[in-house]
Amino acid sequence: MDRPPLTPENFLHPTIEVARWLLGKVLITPIGALSIVETEAYCVDDPACHAFRGKSKANAAMFGPPGTAYVHINYGIHHCLNVVCQPEDVPEAVLIRAVEPCHSQPGAWNGPGKLTKSLGIDKATHNGMTLYDSTGEFWLARGSEISPEAVTQTTRIGITKGAELPWRFYITTSRFVSRR
DNA sequence: GTGATGATAGAG
DNA sequence: TCTATCATCACA
């Protein structure tokens, strides 16, 4: 199975497009290959974005170079995995909300909190790592192309600001999306 | 030091 | 629909 890794310039397109484009791509993890079925975009002008109010220690990774992992904790307990887009100092990212196991794997994959828990991702060890290094434990690879009609675009979930922005994408037929 | 906030999950 | 729960941030 030939899966070339993604490259940093893949994340230099507009964040919304990257969020859409990331569907069907493959996340390689120590416990298997997972295809991405649900994403959300967070942009610099977006009030829901953690970096909207400026740089801080917690969101510093979002200001990093494209293809960096930004892991944040919300509600004190849940880790969320993002892929940083845009050049350095432009805090935009795509939240990976759900993945679908390529093979049958144990664990829950629907929902950003469960996803990172199942993968053993935590902020201390994974925040700021690159996601295009095929020698690492976590990286992104090309997968099947998803046709636009197979994708549903809708509003984001679980936020109180900017909730009307239709910046969430998921594969319509996937059973692993966290919510329709 | 104190209070507010939140990109969730799970229960009712 | 409602809320438990806690890391992090803003402010004093």
Side-chain angles (χ1 to χ4, degrees), chain A residues 11 13-25 27 29 34-86 89-101 105-131 138 140 151-172 174-180:
Chain A
F11 303 101
H13 301 282
T15 304
I16 310 287
E17 286 181 22
V18 177
R20 151 74 183 79
W21 178 82
L22 232 35
L23 293 176
K25 298 302 172 293
L27 176 66
T29 76
L34 309 163
S35 45
I36 297 171
V37 297
E38 185 180 357
T39 61
E40 283 179 10
Y42 286 86
C43 297
V44 64
D45 288 329
D46 174 10
C49 178
H50 286 177
F52 182 68
R53 293 190 64 186
K55 196 172 183 176
S56 71
K57 186 181 178 182
N59 64 29
M62 223 196 292
F63 291 78
T68 303
Y70 165 53
V71 181
H72 79 88
I73 297 175
N74 83 316
Y75 295 95
I77 21 186
H78 303 292
H79 297 262
C80 294
L81 175 63
N82 299 248
V83 186
V84 175
C85 296
Q86 310 305 309
D89 292 325
V90 181
E92 303 201 351
V94 174
L95 169 67
I96 306 214
R97 289 192 56 91
V99 296
E100 181 174 307
Q105 296 281 345
W109 311 103
N110 54 321
K114 290 192 211 171
L115 172 81
T116 51
K117 185 182 176 187
S118 297
L119 292 179
I121 290 177
D122 67 71
K123 182 179 174 179
T125 57
H126 298 96
N127 193 30
M129 77 186 301
T130 61
L131 289 170
F138 288 91
L140 292 166
V151 173
T152 298
Q153 177 173 6
T154 182
T155 52
R156 294 174 295 181
I157 286 179
I159 55 176
T160 57
K161 289 176 288 199
E164 74 286 356
L165 296 170
W167 289 353
R168 171 172 173 244
F169 300 86
Y170 65 85
I171 295 176
T172 310
S174 176
R175 295 175 295 115
F176 291 82
V177 298
S178 49
R179 181 175 169 237
R180 340 195 138 262

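Letters go in sequence order (proteins before strands), and every chain restarts at 1. Any value given below was found using the heavy atoms of this structure, including those in side chains, with hydrogens, waters and symmetry copies removed.
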- For the side chain of A:Ser56, starting at C-beta, report the closest nucleotide among C:dC9, C:dA10, B:dA7. C:dC9

- Please work out if A:Ser178 contacts a base, only the sugar-phosphate, or nothing of the nucleic acid, heavy-atom cut-off 4.0 Å. nothing

- Query: Does A:His50 have a side-chain nitrogen or oxygen under 4.0 Å from the phosphate oxygens OP1 or OP2 of B:dA7?
  - Reply: yes

- Could you check whether A:Tyr75 and the base of B:dA9 form a stacked pair, meaning centres closer than 5.5 Å and planes differing by less than 30°? no

- Message: If you compare every side-chain N and O of A:Arg168 against the phosphate oxygens of B:dA7 (OP1, OP2), does one of them come in below 4.0 Å?
- Response: no

- Given B:dT8, B:dG6, C:dC9, which nucleotide is nearest the side-chain atoms of A:Thr160? B:dG6

- Looking only at B:dG10, B:dA7, C:dT8, the nucleotide nearest the A:Lys123 side chain is C:dT8

- What nucleic acid atoms does A:Ala48 come within less than 4.0 Å of, heavy atoms only: base, sugar-phosphate, or nothing? base

- Message: Can you measure A:Glu40 atom CD to B:dG6 atom C1' for me and round it to whole angstrom units?
- Response: 14 Å

- Can you name the nearest heavy-atom pair linking A:Ala41 to A:Arg156, along with the distance? O-NH1, 2.9 Å

- Taken to the nearest whole Å, CZ/A:Arg179 to C1'/B:dT8 is 13 Å

- Query: Just how far, in rounded Å, is C1' of B:dT5 from CZ of A:Phe52?
  - Reply: 15 Å

- Message: Between A:Tyr42 and A:His50, do the side chains contain a donor N or O and an acceptor N or O under 3.5 Å apart?
- Response: no

- Classify the side-chain pair A:Ser178/A:Arg97 by whether it contains a donor and acceptor separated by less than 3.5 Å. yes

- Query: Strictly by modelled atom types, are A:Glu100 and A:Ser174 linked by a side-chain donor-acceptor pair under 3.5 Å?
  - Reply: yes

- Query: Starting at the 5' end of DNA chain B, which residue's closest nucleotide do you reach first, A:Lys117 or A:His72?
  - Reply: A:His72

- Query: What nucleic acid atoms does A:Tyr70 come within less than 4.0 Å of, heavy atoms only: base, sugar-phosphate, or nothing?
  - Reply: base

- Query: NA contact type, A:Ile159, heavy-atom cut-off 4.0 Å: base, sugar-phosphate, or nothing?
  - Reply: sugar-phosphate

- Which stems, defined as runs of 3 or more consecutive Watson-Crick or G-U wobble pairs with both pairing distances under 3.5 Å, involve DNA chain B? B:1-6 with C:6-11, B:8-11 with C:1-4

- Would you indicate what A:Arg156 reaches in the nucleic acid, counting non-hydrogen atoms under 4.0 angstrom: base, sugar-phosphate, or nothing? nothing

- Task: Kindly indicate whether the side chain of A:Ile96, heavy atoms from C-beta on, has any atom under 4.5 Å from the side chain of A:Val83.
- Result: yes

- Message: Suppose we call a contact any N or O donor and acceptor under 3.5 Å apart; does that hold for the side chain of A:His78 and the base of B:dA9?
- Response: no

- Consider only side-chain N and O atoms of A:Thr15 and A:Gln86, and report whether a donor and an acceptor are under 3.5 Å apart. yes

- Think A:Lys57 has a side-chain N or O under 4.0 angstrom from the OP1 or OP2 of C:dA7? no

- How close do A:Pro112 and A:Cys80 get, heavy atom to heavy atom, and via which atoms? CB-SG, 3.8 Å

- What's the verdict on ring-ring contact (aromatic ring centres under 6.0 Å, His included) for A:Tyr70 and A:His72, showing C-alpha distance, side-chain angles and the deciding distance? CA-CA 6 Å; A:Tyr70 165 53; A:His72 79 88; 5.7 Å; yes

- Closest to the side chain of A:Lys114, out of B:dA7, B:dA9, C:dT5, is B:dA9

- Output yes when at least one side-chain N/O atom of A:Lys161 is less than 4.0 Å from OP1 or OP2 of B:dT5, else no. no

